[in-house]
Amino acid sequence: MKTNFNQKVYEIAGKIPAGKVATYGQLAKLAGSPRAARAVGMCMRNNTDRNLVPCHRVVASNGELTGYAFGGLNVKRKLLVEEGVSFNKEKVDLKVSQWKS
DNA sequence: AAACTGACTTCTC
DNA sequence: GGAGAAGCCAGTT
């Protein structure tokens, strides 16, 4: 079920370049609601098409991976690593790999 | 229309 | 610095 907000989130998420990641808060902000990080997560959860929306490039504000409905966080992390995202143990190195819009 | 839920964020202890 | 609690937003029931 697509809504306006959901639509915007998808569009923004689709703009995230490979090898970079964005935080939920960041996407929320770009979507028009700086505090809607939670809502963004909900949209990602509802979305099940990673070919259309690279939800694996969306992480928590502290760089930790959360959720992922395609096979678990382990898969998500693997995908990010494959794309060239800098990792610090189980967390993304936002200082290096956070997407700057 | 009201209440509950959730892939979040931030403050406080 | 780590753990716990409160707050916010949009969607779903």
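For clarity, every value in this text was computed on a predicted model and none was experimentally measured. Below, read A as the first sequence line, B as the second, and so on, with proteins coming before strands; counting in each chain starts at 1.
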Contact list (N/O, under 3.5 angstrom) for nucleotides 10-13 of chain B vs protein:
none

Q | K8(A) side chain reached by N4(A) side chain, heavy atoms, under 4.5 Å | A | yes
Q.
Taking the side chain as everything from C-beta on, heavy atoms only, tell me whether L79(A) gets closer than 4.5 Å to R50(A).
A. yes
Q. In terms of side-chain heavy atoms of A37(A), which of dT9(B), dA10(C), dA7(B) is nearest?
A. dT9(B)
Q | Pairwise side-chain contact, N47(A) with N6(A), heavy-atom cut-off 4.5 Å (strictly under) | A | no
Q) What integer distance in Å separates Q7(A):CD from dC9(C):P? A) 22 Å
Q: Rounded to the nearest angstrom, tell me the gap between atom CG in L27(A) and atom P in dC9(C).
A: 17 Å
**Q.** Ion pair check, E11(A) and K15(A), cut-off under 4.0 Å
**A.** yes
Q: Mind calculating the distance between CZ (R57(A)) and C1' (dA7(B)) to the nearest angstrom?
A: 17 Å
Q: Using a cut-off of strictly less than 4.0 Å, decide whether T23(A) has a side-chain nitrogen or oxygen near OP1 or OP2 of dC8(B).
A: no
Q: Take atom CG of L30(A) and atom P of dC8(B), then tell me their distance rounded to the nearest Å.
A: 18 Å
**Q.** Trace of the side-chain contact (heavy atoms from CB on, under 4.5 Å) decision for V92(A) with F87(A)
**A.** CA-CA 4 Å; V92(A) 177; F87(A) 261 80; 3.5 Å; yes
Report all interatomic pairs (protein N or O, nucleotide N or O of nucleotides 11-13 of chain C) with separations under 3.5 Å.
unit_1  : atom_1 : unit_2 : atom_2 : d
dG11(C) : OP1    : T3(A)  : OG1    : 2.2

(Q) Using every non-hydrogen atom in the two residues, find where A36(A) and F5(A) come nearest and quote the distance to one decimal. (A) CB-CZ, 3.7 Å
Q: Could you tell me the separation between the CD1 atom of I12(A) and the P atom of dA7(B), rounded to a whole number of Å?
A: 21 Å
Q. Between dG2(C) atom C1' and K91(A) atom NZ, what is the distance in whole Å?
A. 10 Å
(Q) In this structure, how many angstroms lie between the P atom of dG6(B) and the CZ atom of R38(A), rounded? (A) 9 Å
(Q) Could you tell me if the side chain of V9(A) sits less than 4.5 Å from the side chain of M44(A), heavy atoms only? (A) yes
Q) How about V59(A) and L94(A): do any of their side-chain heavy atoms sit closer than 4.5 Å? A) yes
Q) Got R57(A) and W99(A) here, is their nearest side-chain heavy-atom distance under 4.5 Å? A) no
(Q) Can you tell me whether the side chain of Y68(A) and the base of dA7(B) have a donor-acceptor pair closer than 3.5 Å? (A) no
Q: Return the value, rounded to whole Å, for the distance between atom CD1 of I16(A) and atom C1' of dA7(B).
A: 13 Å
